[in-house]
Amino acid sequence: MVDTKRLQEKAKEVLIRDDVRRLIGWKRGTYGFEAAPTVITDASQVDQLIFDATCVQNPASFISLEEKKPVPRGAEPDTRKIAVMVKGCDSRAIVQQLVEKAYGRDDVIVLGIPCRGVIDRRKAMKMFGDVTPGNVSLNGDKVAVEVGGEKKEVERGELLMDKCMRCRYPNPLVSDDLLGEEVEKWADDEFADVDEFEKMVPEEKWKYWEEQFSKCIRCYSCRNVCPMCYCVECVVTKMKPQWTRRSTDISENTAYHIQRAWHLAGRCIECNECQRVCPVDIPIMTLNRKLTRDVKDMFEYEPGVDAEAEPLLACYNPQDPEEYIM
Amino acid sequence: MVENNRPKIGVYICHCGINIGSVVDVPAVVEYASKLPGVAVSREYTYMCSDPGQNLVKDDITNEKLNRVIVASCSPRMHEPTFRKTLKEAGLNPYYLEMANIREQCSWVHEDKAKATEKAKKLVEAAVAKALLLEALEEKEVDVIPSCLIIGAGIAGIQAALDIADAGFKVYMVEKTPSVGGRMAQLDKTFPTLDCSACILTPKMVDVANHPNIELMTYSQLEEISGFVGNFKAKIRKKARYVDFDTCTGCGVCAENCRLAGRIPSEFDEKIGMRGAIYLPFPQAVPAKYTIDPQRCLQLTKGKCGKEGPACAAACGPGAINFEQEDEFVEIEIGTVIVSTGYDVFDCTRKPEYGWEENDNVLTGLEFERLVSASGPTGGKPILGRDKKGEGGYEPKKVAFIHCVGSRDKSVGNEYCSRVCCMYLAKQAHLIRDKLPDAEITVFYMDVRAFGKGFEEFYDRVRREGVRYVRGNPSEIYRKGDDHTLIIEVEDTLTGTPMEHEADLVVLGVGLEPRRDVREIIDLFKLSQSTDGFFLEAHPKLRPVDTASDGVYLAGCCQGPKDIPDTVAQAKAASSSALILMASGRVKVEALVSVVSPDECRGCGFCVEVCPFGAIELVEENRMGNIVQVAFVNEALCKGCGSCAAACLSGAIQPKSFKDEQILPQIAVLGVRP
Amino acid sequence: MSEEFEPNIVAFLCNWCSYAGADLAGTSRMHYLPNVKIIRVMCSGRVNPLFLLNALQQGADGVLISGCHPGDCHYLEGNYYARRRFMLMHKLLEHVGVDPGRVNMSWVSASEGAKFADVVKETVEKAKAAGPMDQFRRRQLNW
Amino acid sequence: MGDYKFAKEKLAEVLSSLKDYKVFAPVAVGDVFRFLQVDDPAKVTLEFANSNVPPKELMFPETETLFKYRLGQTDIEPEVPDAGDKRLVFGIRPCDALAYTIVDNLYNWDFPDPYYQNRRENTTLVGFACADPCSNCFCPSLGGGPASEKGLDAIMFDMGDTMYVKTLTDKGEAFAKAAGLESAGDAEKKAAEKQAEEALGKIGRSIDTKGIPEHLPSLYDHPFWEQFSDRCLSCGICTFLCPTCHCFDIQDEAEGFDARRARMWDTCMFSEYTLHTSGHNPRPTRKERTRNRISHKYSYFPEKFDVIACVGCGRCINYCPVNIDILDILEKSKQAEAKEAKTA
């Protein structure tokens with residue numbers, strides 16, 4: 001795991017540089033099983049930084065969330081770098097953002113963190129109840145959690161995010177500094193969940209999604225947390241033309257979710273944030289993973305692994321599959 | 001943006017005589033349209049495209065102050081330009097027109113009148129929905145570079161070149177082979193007039209070479225072409241001849257001395273005649289400059305020719321031969337292009353049952369032309385089976401001609417009729433009769449199509465000359481015994497009697513096919529092909545020499561089988577089309593181009609990657625003091641395909657007249673189930 | 001339903017090949033079903049796959065994109081992009097339970113009037129088999 | 001008023017006996033609870049901490065048609081729904097009932113909003129006291145409590161096998177009659193009071209709201225907001241799931257040429273919320289928006305209506321994906337203010 005001291009020293013080192021504007025990392029949450037992402041601008045704040053299995057959020061999401069404030073006439077825009085701490089999965093977001101020219105490689109300082117998995121709040125609360133744990137640590141296939149003073153050890157799979165149990169990139173794919181020993185990849189992604197889902201006939205699939213989409217309150221958290229969603233104006237909320245209506249019903253909600261998934265085709269880097277943040281537990285990744293799998297099978301393409309790659313839907317291969325085309 | 005004045009739409013439903021009216025209940029559609037929002041006028045008329053029809057629109061624009069017009073009639077591909085003009089003449093921006101296709105895509109394809117009418121209503125409603133959001137567009141013009149590139153120097157290319165050059169415009173003529181002339185130069189006589197092909201062609205060949213306005217590039221190939229109508233850029237590869245073009249006098253001593261003289265099958269003679277590694281394709285070749293075949297020349301392939309080095313070089317007085325010569329590249333700018341790349345004859349190996357490959361007395365029509373041509377290997381004498389030295393051989397006694405070889409034949413994938421075989425076989429039968437008065441001549445045919453001027457008369461004459469026409473389509477041709485007698489298995493379909501017909505010369509009436517290398521041109525120009533594989537014209541009736549790419553025209557057999565007069569006529573049509581552009585000197589460029597809304601652009605560059613024309617680039621934009629990258633469209637290069645819009649995630653780039661906000665309302669109308 | 005269900009199909013045709021092909025079907029008087037309503041776009045590459053979603057949402061029982069054959073795009077590459085996008089949207093819609101028979105694409109050249117008629121036939125048949133599309137149709141009545 | 005009870009296993013019966021009411025009760029989809037109109041009483045559950053989506057949507061729907069029209073039409077009649085229906089919300093938590101009383105101020109302020117008012121007046125609220133408050137509940141700090149009766153017509157207590165029902169108004173009585181509840185005795189009453197006390201003791205978090213409304217405005221330009229806003233996603237969770245947030249947007253939606261005007265939930269956390277047509281946005285960044293959310297609840301609203309627009313249900317804390325914790329903000333605001341005071 002990562003030594004907090006080293007992490008904080010590194011952060012200080014970066015923040016005192018005068019070409020760095022801010023640093024995005026994690027700090028202890030006010031309650032429960034999740035840390036809080038934090039944006040700090042001053043070396044004096046580094047002691048709040050942590051990294052452990054509660055650091056589930058993807059800091060790369062916050063790079064583009066920062067508004068470009070209007071620059072007063074005469075003044076120079078602040079072009080200083082942003083430093084960002086990333087786990088393996090998070091780092092794919094950086095790679096893909098580079099592919100899509102969200103910013104230049106020199107605009108960010110990437111502090112990579114080899115990761116052994118992070119906790120799924122929902123699983124944890126089912127297991128331990130509505131509590132705030134003490135120390136949380138990962139050793140081998142076990143996770144040790146302190147709850148109400150006593151230390152409990154559970155199988156990794158019972159507590160970690162599903163994404164971690166099929167993680168192919170525990171080590172950052174891009175980083176200027178690696179804060180810790182690279183860890184060994186322990187899993188692979190066979191997309192068994194997608195295959196399983198596809199066993200259903202259309203009617204069953206729709207029945208499933210109808211129930212899920214009806215819950216949606218269109219808070220757009222899934223969109224806003226997505227590190228790949230940073231359009232100036234999102235088509236979903238656009239008024240001219242109005243692709244999707246703001247009103248909530250099964251039709252608009254479905255349209256919204258399909259649009260969201262579509263816009264991530266060949267772009268989703270599977271950080272799972274969209275699904276994590278959903279206040280009404282819509283299994284959003286089920287859509288993304290379907291596309292991820294098909295993109296891989298049909299076009300041998302994987303987003304967020306090669307900063308030099310062409311965007312999937314902005315290139316083609318004359319031999320692309322076309323089995324459904326008359 | 002739509003002007004402040006609220007949309008006032010005029011809807012005009014065309015009966016098109018009975019073409020629409022007999023199926024679609026036009027009054028009902030008019031009634032329906034009149035109730036749609038924004039519709040101020042809703043009328044019907046027998047022929048909207050007629051003057052009175054157009055005047056109807058013009059008057060309403062003036063009197064009713066219409067600011068949108070919808071014509072529901074035939075395909076916009078047919079009359080959109082017509083009605084755009086109408087609007088313009090009435091002082092309304094032509095892009096305030098929207099058409100509903102209720103003929104080709106409604107009345108002509110649906111039988112159920114009620115349903116057709118319902119559909120027509122919906123199509124009109126969709127047009128209204130879109131019209132509400134139409135925008136005025138500006139038509140821009142660009143200068144046309146007053147020069148033309150002609151690809152292929154057969155009779156079509158030659159004729160087009162001469163016409164354009166005579167009109168005083170520059171022509172760049174690119175020919176793949178060492179000489180101009182093409183297929184016509186290979187022919188002996190032409191039907192039905194029996195003029196000597198060479199005699200009428202060679203003067204034109206010479207003119208092309210000498211014309212001050214024509215820059216002739218033989219043994220050359222088009223490598224790249226870019227740009228747009230009026231402003232193309234082309235890159236041409238002048239292949240090395242290994243003979244200095246200016247020094248060579250064309251005397252021919254080199255060829256006589258070539259160690260491989262008479263050892264290499266001559267393409268011009270359809271490989272029944274021979275040439276050397278350094279050669280002139282044929283005596284009248286233009287330019288009369290020798291060329292070394294780099295695939296065969298010993299010096300070029302083996303790096304060594306005999307002990308004392310290349311004999312040709314030694315023999316060449318002026319010392320024109322240069323083995324170090326390399327391909328040259330020429331870049332030119334032209335305003336128009338004429339494609340006249342011609343055809344190939346059917347490849348008989350695809351019909352093995354006719355034994356063309358194994359029997360040297362089974363010839364294709366074109367081989368026969370060389371055989372009987374005075375400039376051919378036998379000096380025009382119909383002698384077969386000569387040895388290498390050209391000694392011996394025999395005159396055929398029984399000659400058979402077979403129609404429709406590789407034409408009208410699904411089994412080889414050619415359903416079409418090649419249009420020339422009937423007549424050239426008749427001509428060839430006549431030539432044999434001429435040269436061998438006692439020969440027994442039989443023609444096996446499916447039908448005889450003698451449709452052209454003087455054709456039927458000629459066909460008649462040939463039959464009267466004692467040429468026997470048997471209606472039947474041979475199933476097999478094979479050699480009997482070891483002499484050169486051939487057996488033709490065929491059924492006389494008129495009498496129903498099967499027969500084994502004997503012959504010692506069989507001529508296959510091979511059809512015309514797209515050139516084997518047609519892909520090269522297609523990839524360069526993005527021309528489309530019709531089902532027969534020949535180039536597709538912009539409209540089968542009304543734009544027979546235009547292509548889908550503005551400023552690029554077709555001439556000759558590359559567009560479909562033709563005889564010489566038709567080819568020449570089409571060449572003249574193509575040249576005048578090109579001349580219209582060059583003479584006017586200006587051309588409208590696409591008004592339907594893409595526009596970027598910089599405030600919505602996130603600068604991801606997807607559109608840049610997608611654009612096939614390199615029309616989009618990322619440029620710096622000052623967004624409230626922050627410098628950001630946004631897409632920018634070069635309107636001269638943009639063709640308005642809209643691929644960028646589908647690639648853009650935020651809808652920041654949109655093709656005019658096909659914007660999301662203009663298409664979605666159409667979907668909204670048409671999507672709702674009636 | 002008392003009478004037989006007549007599906008409503010929205011088709012997006014590229015101007016140069018498929019729309020011309022549809023016109024040819026007309027000029028050659030090849031009869032096909034009136035269920036298909038055509039929206040003309042300049043290139044199949046213009047068709048934002050979200051148009052398909054939108055059409056289904058509006059209540060179309062089937063959708064069709066048609067463009068030039070691969071390699072013949074009037075704009076060189078548009079149909080290649082269209083193909084990629086379509087293949088993925090097809091999969092995505094299938095995943096939420098939209099009957100795959102509703103979502104169609106075809107290559108129809110300017111000379112393939114007959115093929116266009118066949119494509120229409122097939123598209124309508126598939127949509128018929130799938131039945132009325134009301135999974136996530138916009139329902140005015142609910143207003 | 002009266003004391004009643006019913007056996008938990010009879011829940012379905014009780015609900016189905018409420019024939020002349022439109023009944024809304026908590027229904028679970030997976031782990032997500034929401035108040036839905038009861039079509040099948042068997043689906044109703046009382047095994048929930050609180051609903052993910054607050055029952056405010058029963059008075060103030062996510063989307064509501066104001067009127068319909070056809071393009072160009074001029075004579076338009078607004079339609080006011082649910083007029084006259086008798087509605088009953090079964091199992092609403094005290095915090096959410098309290099929230100109604102707060103939002104009422106807004107919808108009756110300059111003129112009564114008929115869409116909202118109709119529903120409020122026709123609705124009977126049968127509350128459900130919390131025996132096990134969540135870790136982020138702080139209702140007592142805002143005048144509520146696990147067994148608060150404010151705004152309720154009746155309140156139920158979970159007594160294991162039976163539910164003890166205490167009616168508080170005539171509406172509540174009417175419900176008890178309609179449901180045919182048997183009357184309860186002192187034993188249940190006492191037990192309930194005991195449970196309420198214990199529940200109160202279990203409340204883990206709190207805030208002293210004293211002085212906050214007056215002091216927040218002084219922090220208008222204070223940088224401390226940024227330590228929260230810098231990680232805000234600008235999503236609608238905290239506000240949509242807030243029982244007192246009541247902002248709406250009004251949009252026209254066209255279907256071909258037919259259209260409707262509808263109002264739908266909106267939130268000051270969206271950047272479009274204050275975006276002007278000109279492109280100017282008076283709340284350009286998440287800082288201003290975060291400040292607005294807190295200030296509106298704890299300063300602007302009380303300034304106008306003399307009550308804080310927060311009931312301490314804890315939803316905004318529970319569901320915020322980036323741990324923006326309103327109690328944390330309020331505490332920090334106090335320190336921030338103190339600092340200001342010193343420097344000043």
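The chains referred to below are lettered A, B, ... by the order of the sequence lines, with proteins before strands, and numbering in each begins at 1. For clarity, every value in this text was computed on a predicted model and none was experimentally measured.
Geometrically, C:R83 does not engage A:Y316 in a cation-pi contact, judged by NZ or CZ lying under 6.0 Å from the ring centre and within 45° of the ring axis.
Contact check on A:R92 versus A:E270 returns a salt bridge, with a Lys/Arg side-chain nitrogen under 4.0 Å from an Asp/Glu carboxylate oxygen.
By the 30° and 60° cut-offs, the orientation of the rings of A:Y324 relative to C:H90 is parallel. Taking the six-membered ring where tryptophan is involved, the planes of C:W16 and C:Y75 are perpendicular, since the angle between them exceeds 60° and thus also 30°.
For a heavy-atom cut-off of 4.5 Å, chain C lies close to A:K205, A:W206, A:W209, A:F213 in residues 205-214 of chain A.
C:L64 touches chain A through its side chain: at least one heavy atom from C-beta onward sits under 4.5 Å away, while N, CA, C and O do not. Heavy atoms closer than 4.5 Å to chain A are found nowhere in C:D134, neither backbone nor side chain. Within the 4.5 angstrom heavy-atom criterion, only backbone atoms of C:R137 (N, CA, C, O) approach chain A. Looking at C:I65, there are no atoms closer than 4.5 Å to chain A (heavy atoms on both sides), in backbone or side chain. Looking at C:E122, only its side chain comes within 4.5 Å of chain A, counting heavy atoms on both sides. Contact of C:L50 with chain A is made through backbone and side chain together, with heavy-atom distances under 4.5 Å.
The minimum heavy-atom distance between A:C164 and A:W186, with the atom names listed, is O-NE1, 3.1 Å.
The local environment of NZ in A:K123 is crowded, with over 12 non-hydrogen atoms from other residues, nucleotides or ligands closer than 6.0 Å. Crowding of A:E300 atom CD: a count of heavy atoms from other residues, nucleotides or ligands under 6.0 Å not exceeding 12.
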#### Entry: Derivation of the salt bridge (charged side-chain N to carboxylate O under 4.0 Å, His left out) call for C:D118 and C:K121
CA-CA 5 Å; C:D118 296 343; C:K121 192 163 174 292; over 6 Å; no
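Contacts with chain A were tallied for C:S66, C:P49, C:A130, C:P70; C:P49 has the most, counting heavy-atom pairs under 4.5 Å. Interface summary for chain C: among A:A265, A:A255, A:C315, the most heavy-atom pairs under 4.5 angstrom belong to A:C315.
Checked by atom type, the side-chain pair A:Y220/A:R218 shows a donor-acceptor distance below 3.5 Å.
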